[in-house]
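All values below come from the heavy atoms of this structure, side chains included, with hydrogens, waters and symmetry mates left out. The model shown is predicted, which means the values in this text are computed figures rather than measured ones. Numbers restart at 1 for each chain; the letters A, B, ... are given by sequence-line order, proteins then strands.
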Amino acid sequence: MTDNFSILDHLNPPQQEAVTFGEGPLLILAGPGSGKTRALTHRAAYLIKKNKINPENILLLTFTNKAADEMKERLAKLLDHQVTKQQSSSAAKLPFAGTFHSFCARILRIDGRQLNIPPSFTIYDTTDQREAIKMAMNEVDISEKQFKPIAILKTISQAKNELISATEYPQYARGLFQTNVAQIYLVYQKILKKHQALDFDDLLFQTVRLFQKEKQILTKYQNQFHYVLIDEYQDTNQAQYILTRQLVGKWHNLCAVGDASQAIYGFRGANYRNLLSLKNDFPDLKIINLEQNYRSTQIILDAANEMIKKNTNHPILNLWTQNGKGQLVSLYEARSELDEAAFIIKKIGEYLFQTNDFSPADFAVLYRTNAQSRVLEEAFLHASIPYRLVGGTRFYEKKEIKDCLAHLKYYANPQNKVAYKRIEKLGKRRLKKFLIFLKKSKEKNLSTLELLDKILKTTGYLDLYDVKNKDDLARLENIKELRSVATEFLDLTKFLENVALFEQEYPTSLEASLPSVTLMTTHAAKGTEYPIVFIVGLEEGLFPHSRSLLEKEGIEEERRLFYVGMTRAKRKLYLTYARRRLYFGQKSTNAISRFVNDIPSHFIEFANENLLE
DNA sequence: GGTCACACAGTTTTT
DNA sequence: CTGTGTGACC
């Protein structure tokens, strides 16, 4: 099985072409379900095994840790490696595979000194950033009521994505709001510097600046990474785009994989045009289309194809499959959001209880906004069908976790004023005890877990929670979970790095292990697949969302989102909309989504007739 | 220093 | 409707 050619087995001709493509820039346009990750990992494996490229000379960049982990795992399998979570890519025989952010953090810890970034810098997450923004606003005397800190933060983040520094920003600032942002931006950066902190955007921005300023450092990394492979290239922002160009500037061995039709993160700075402009950047760019789909039925693909064709701003792949035609797409018109939920329960019930072919895990319900989940949850609870909600508050964003981490962060870096303020808020007495403890324990070489336990004990933090209270118990459980993460990282710095850049697999509770119907936003559904998919709330103003109706670009992104949703379905797709809906306590009557009308009617059957009593 | 009431805002999300 | 965050009050 270690035979080189086994890597090419079970790959279709365009996939093989992508995998065996030699030197030079390569763009793989990969439709949904076309084996994109497969092509990418196989290509890396092929480079290593067949072309005898040293794994250390290959760089794999992704957007999420989940994707990076999957790459590593698949690659290890292809290379017959044993990888455990502990050693992961440090085992030297696998290429570096990680997110842009973790890659940049690594570079800045090594070479950031050139930009006066201390190697032990702290990474500020969104909550930390907000606190720092508030401090900055306070300092320049701009009221939080006049301008919302979050809005300021968003604007600064956008500027950083566009590689506009605090000193450059004033010259671009137009109008009252941006003039204020300009002032705050400068002070915000000053505060970050004083705290020895970088925010997520800084990780990218500072790395780009480092490469611009110190050519010999850029050359060092160019010489290390002869081959750069990037997943989901349509999701790159300007900073990531420039960074990529810097990295591949010497060898031009870029392999980018993506699909403009699945670009759904424009709102956070992603620009799918980066994918299209590769042609201009590299005149010798080789483009390979992966259009054979292994996931869905032909009817689902045809319906999705025809729908997405209404977009004119980007090229569209023509998906086809050897799977059968399959069933028509079902459309249900509900009277209300309750009726919509009832329909879904009824349908899932039929599959589950009238046949033996389905498990709850075979179903997904996709919605546009999180606020829609409640009604669905209640219906599932009522019907006793197990469900799993994807999303919600993320583990490291939870209050109790942030509280614990604040202590550890301050311990690691007393410059971290945001952490200090957070601890202070928990009570002056606790703070005092903590500070005394800090002085006493500095010399002792404590592991992360020992440290955490001692802090919890001396400050009496756990006393805030009552074991008999259900919510409090959940919080205590979360802290337990954090303790178990702490056991994995003896070194506090390593632990904090992990916390800042890697989301915990979560939850590990009982219900989650039971086969369950998945409820999630359509965004969260990207990259997943289910035999039976329901997309709900297909109404004008909801999907497409009212906030996107103004510009064409907004509508096109919503359409791509719907396309992503449709192409999650393997066997059967249900679309539903409600004539009347209660949303945020407000009644509304909406027209059916234009996207449903974009699907040719011969792919659709109406589910209502079957329900008439 | 801690609790409670009121105002208020509410796409989408990863790092 | 509901979670969050701020400010007033004990």
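For the pair A:Glu337 CD and C:dC1 P, the computed distance is 12 Å after rounding to whole Å. Atom-to-atom, CG of A:Leu431 to P of B:dG2 comes out at 12 Å; the value is rounded to the nearest Å.
Residues satisfying the ring pair (Phe, Tyr, Trp, His ring centres under 6.0 Å) criterion with A:Phe562, sequence neighbours excluded, are A:Phe543, A:Phe595. In this view, A:Glu558 and A:Arg368 satisfy the side-chain hydrogen bond (donor to acceptor under 3.5 Å, both in side chains) rule, not counting sequence neighbours. Looking at residues two or more places apart in sequence or on another chain, you find no side-chain hydrogen bond (donor to acceptor under 3.5 Å, both in side chains) involving A:Tyr367. By the side-chain contact (heavy atoms from CB on, under 4.5 Å) test, A:Ile592 pairs with A:Leu331, A:Tyr577, A:Val596, A:Asn597, sequence neighbours left out. Take A:Glu162 and apply the salt bridge (Lys or Arg N to Asp or Glu O under 4.0 Å) test, not counting sequence neighbours, and it matches no residue. Considering only residues two or more places apart in sequence or on other chains, A:Glu529 meets the salt bridge (Lys or Arg N to Asp or Glu O under 4.0 Å) condition with A:Arg295, A:Lys570. For A:Tyr185, the ring pair (Phe, Tyr, Trp, His ring centres under 6.0 Å) criterion is met by A:Tyr169, not counting sequence neighbours.
Taking the C1' atoms as reference points, B:dT14 lies 22 Å from C:dG3, given to the whole Å. Only the C1' atoms considered, B:dT12 is 23 Å distant from C:dG5, to the nearest whole Å.
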Listed pairs under 3.5 Å, donor-acceptor, residues 418-427 of chain A side chains, sequence neighbours left out:
residue	atom	partner	partner atom	Å
A:Arg422	NE	A:Asp403	OD1	2.7
A:Arg422	NH2	A:Lys399	O	3.4
A:Arg422	NH2	A:Asp403	OD1	3.3

Using residues 255-264 of chain A as the side-chain source, report each donor-acceptor pair under 3.5 Å to any protein atom, sequence neighbours left out, with the distance given to one decimal.
residue	atom	partner	partner atom	Å
A:Asp259	OD1	A:Ser261	N	3.0
A:Asp259	OD2	A:Gln262	NE2	2.9

Show me the protein contacts with nucleotides 13-15 of chain B, counting only N or O atoms at under 3.5 Å.
residue	atom	partner	partner atom	Å
B:dT13	OP1	A:Thr521	OG1	2.7
B:dT13	OP2	A:Asn370	ND2	3.3
B:dT14	OP2	A:Arg394	NE	3.4
B:dT14	O4'	A:Arg268	NH1	3.3
B:dT15	OP1	A:Asn65	N	2.8
B:dT15	OP1	A:Asn65	ND2	3.2
B:dT15	OP2	A:Arg394	NH2	3.2
B:dT15	O4	A:Thr126	OG1	3.3

Could you go over nucleotides 2-8 of chain C and give all protein N or O partners under 3.5 Å, atom names and distances?
residue	atom	partner	partner atom	Å
C:dG3	OP1	A:Arg374	NH2	3.2
C:dG5	OP1	A:Arg130	NH2	3.4
C:dT6	OP1	A:Lys134	NZ	2.8

Each nucleotide N or O in nucleotides 5-7 of chain B that has a protein N or O under 3.5 Å away: list the pair and distance.
none

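Using the six-membered ring where Trp is involved, A:Phe63 and A:Phe100 have ring planes that are tilted, between 30° and 60° apart.
Within a 6.0 Å radius of NZ in A:Lys134, other residues, nucleotides and ligands contribute more than 12 heavy atoms.
Residue-level contact check: A:Lys148 touches the backbone only, with heavy atoms under 4.0 Å from sugar-phosphate atoms and none from bases.
Toward the 5′ end of DNA chain B lies the nearest nucleotide of A:Arg430, the other residue of the pair A:Arg430 and A:Glu558 mapping further downstream.
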